[in-house]
Amino acid sequence: MSTLPTPAPVTNPETSAFWAATDRDVLLLPTCGPCGRAFWYPRARCPACGSEEVTWNPASGRGVVHSFSVIRRGVTGPYREVEGLVVAYVELDEGVCILTNLVGDPDQFAVGTEVEVEFDRSDGIGSLYRFRRRAEASG
Amino acid sequence: VSGRGRPAIVGAFEHPLREAPGLSISQLHAQAAAGALSDAGLTFADVDGYCAAGDAPGFGAVSMAEYLGLTVRWLDSTDTGGSANLLHVANAVAAIEAGLCRVVLVTLAGKPRTGGSGLEVTGQQTGAPEHAFEQPFGPTAASFYGMAARRHMHEYGTTPEQLAAVKVTASQHARHNPHAFLPHVVTVADVLSSPYVAEPLHRLDCCVVTDGAGAVVVARDDVVRSLDRPPVRVLGSGVAPRTMDGGRGDLTSTGAVWSGPRAFAEAGITHADVGYASIYDSFTITVVETIEDLGFCPKGHGGPFVAEGGLRAPDGPLPFNTDGGGLCNNHPGNRGGMTKMLEAVRQLRGEAAPDLQVPGCEVAIAHATGGRIGARVCSATLVLGAA
């Protein structure tokens, strides 16, 4: 668990199963049946081929930092007073980049740092999947 | 290169205010509209087409058309953020050539400086399919550009000093603009010593936040030929988004990869024909990625290009943003596309600041990048020509 704000995501019928899984500490990764490709963000149709045969498998939860930015001070909403928030794209081992936060001292991260997922419960339905440096991390 | 017979920009106006606490956003739209029509030698009664994006308060462009008392038979409220007004001009040209209208007014106004940040999440954004997978993590606009900048640095070796050089050149141009919000020259050291906003971007890597307004008038050739002002012909246009592509998007490029070649091809020009370039500059990294994507230097070489004075007017290889751009002059309503067109018009009319006027400037481009290059953008390129 991080100490970051945990605003609840806005869910809808297309995404409610994804968010329910995050409350069980499971990050589901939508993957197209016909073309076999994982994609992000979660949705009920494949953006590559348009198929609605989407399977929802648990992701590895492991990946590397693709890029990140450290926000000196938040601007709006629940992050308004937060200093040093790290917003990042993490490239999962399955090959897709997902927007998230990196948890902990920003100085421990660089492009390529190996990370793994953790979950922060929100005050509604859905937990926020964030990433920490792997204990055995390289990079 | 000739655009003879094609629709042209016949009127242009940039509101002189950068802080407008005593005016409503609707008033700012109206004052800019009046300025552009007066510049053209036309009146509100001549207008039969109208375009405005999401900065226009109300029901699409309809509320502002009503407020202005316009009688229009064609309008376009398409909103692609800061590139919307260029898209509007491209669509206005097509509408005029299709016979749908003959005089199109395009307006922009906003008050992020004195009327609220403009950064609040709107209902439309909350309903966006990507919203729940991004906004709960607290990203700011600047942080998306920060992620793009860091990835560009990682892939191509671009440095903070090189990014800062974009601001330095913009500031050297802004000192010739009496209306510029930041009229003072800054150095690379000034940029690097300004506080981080979204690391690796500093405060001075960011555009200004200003109130303001602007407008252009696009007209059919018979109207163009009846007016006294030198017309600026729209020679070519291109519009293209670049998305996150299912989680495989490229943070180091923009839609300019597609919008630029299309606009150049329609105009029948090459890079060597471009005398002046207005390049969208929400952040310094925006300029570096864009000049690469437009082909003014190879991919990844934008950093050295800007650091070696590549953007300096009037004598650099690609004179840019001679008004000071969004980085130093004006970025009204957090949307910089309108002001990009306005300075390109000044250059083609020979009305830029004398020290920065490109001699014999016959072809210019205006390029804008709406959205966030660290997520999804819509790029728009116009090729403009002195008649």
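The sequence lines fix the lettering, A, B, ..., with proteins before strands; numbering per chain opens at 1.
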query: How about R72(A) and P195(B): do any of their side-chain heavy atoms sit closer than 4.5 Å?
result: yes

query: Are any of the side-chain heavy atoms of Q135(B) and Y79(A) separated by less than 4.5 Å?
result: no

- prompt: Mind checking whether L99(A) and M147(B) have side chains closer than 4.5 Å, heavy atoms only?
  reply: yes

- prompt: Given the options A142(B), A375(B), S143(B), which has more heavy-atom pairs under 4.5 Å with chain A than any of the others?
  reply: S143(B)

task: Step through the shown structure and confirm whether more than 12 heavy atoms of other residues, nucleotides or ligands are within 6.0 Å of CG on L192(B).
output: yes

- prompt: Between Y41(A) and E134(B), is there a donor-acceptor pair closer than 3.5 Å when you use the side chain of the first and the backbone of the second?
  reply: no

- request: Taking all non-hydrogen atoms of both residues into account, name the closest pair between G246(B) and P47(A) and its distance.
  value: CA-CG, 4.2 Å

- prompt: With a 4.5 angstrom heavy-atom cut-off, which part of M153(B) approaches chain A: side chain, backbone, both or neither?
  reply: neither

- prompt: What about F18(A) and F133(B), are their ring centers closer than 6.0 Å?
  reply: yes

field: Most chain B-contacting option - heavy-atom pairs closer than 4.5 Å, from L4(A), L92(A), V96(A), I71(A)
entry: I71(A)

field: Side chain / backbone / both / neither for P78(A) at chain B, heavy atoms under 4.5 Å
entry: neither

field: Greater than 12 external heavy atoms within 6.0 Å of R203(B)'s CZ
entry: no

message: Quick check: closest heavy atoms across L85(A) and F137(B), and the distance to 0.1 Å?
response: CD2-O, 3.5 Å

field: side chain to side chain contact (heavy atoms under 4.5 Å, CB included) between V197(B) and R73(A), worked out
entry: CA-CA 7 Å; V197(B) 169; R73(A) 190 147 187 251; over 6 Å; no

field: Heavy atoms of other groups near R262(B) CZ, more than 12 under 6.0 Å
entry: no

message: Heavy-atom cut-off 4.5 Å, strictly under: side chain, backbone, both or neither for Y145(B) against chain A?
response: neither

task: Sort out for me which of N12(A), V70(A), V87(A), V86(A) touches chain B most, counting heavy-atom pairs under 4.5 Å.
output: V70(A)

query: Highest number of heavy-atom pairs under 4.5 Å with chain B: which of P5(A), A38(A), P30(A), A8(A)?
result: A38(A)

query: From D245(B) CG over to C97(A) SG, what is the distance, rounded to the nearest 0.5 angstrom?
result: 11.0 Å

- line: CE of M244(B) to CD1 of I98(A), rounded to nearest 0.5 Å, is 11.0 Å

message: I'd like to know whether CD of E14(A) has more than 12 heavy-atom contacts from other residues, nucleotides or ligands below 6.0 angstrom.
response: yes

task: Check whether T15(A) gets within reach of chain B through its side chain, its backbone, both or neither, counting any heavy atom under 4.5 Å.
output: side chain

R151(B) side chain vs S67(A) backbone, donor-acceptor pair below 3.5 Å: no

field: Atom of P136(B), atom of P7(A) and distance for their closest heavy-atom approach
entry: O-CG, 3.4 Å

query: Does a side-chain heavy-atom distance below 4.5 Å link R248(B) with R37(A)?
result: yes

field: Main-chain N/O of G146(B) paired with S69(A) side-chain donor or acceptor, under 3.5 Å
entry: no

message: Quick test of your reading: applying side-chain hydrogen bond (donor to acceptor under 3.5 Å, both in side chains), list the pairs with at least one residue in residues 190-202 of chain B, sequence neighbours left out, ordered by first then second residue.
response: T187(B)-D190(B), H202(B)-D205(B)

statement: Of V10(A), T100(A), D120(A), the largest count of non-hydrogen pairs under 4.5 angstrom with chain B goes to T100(A)

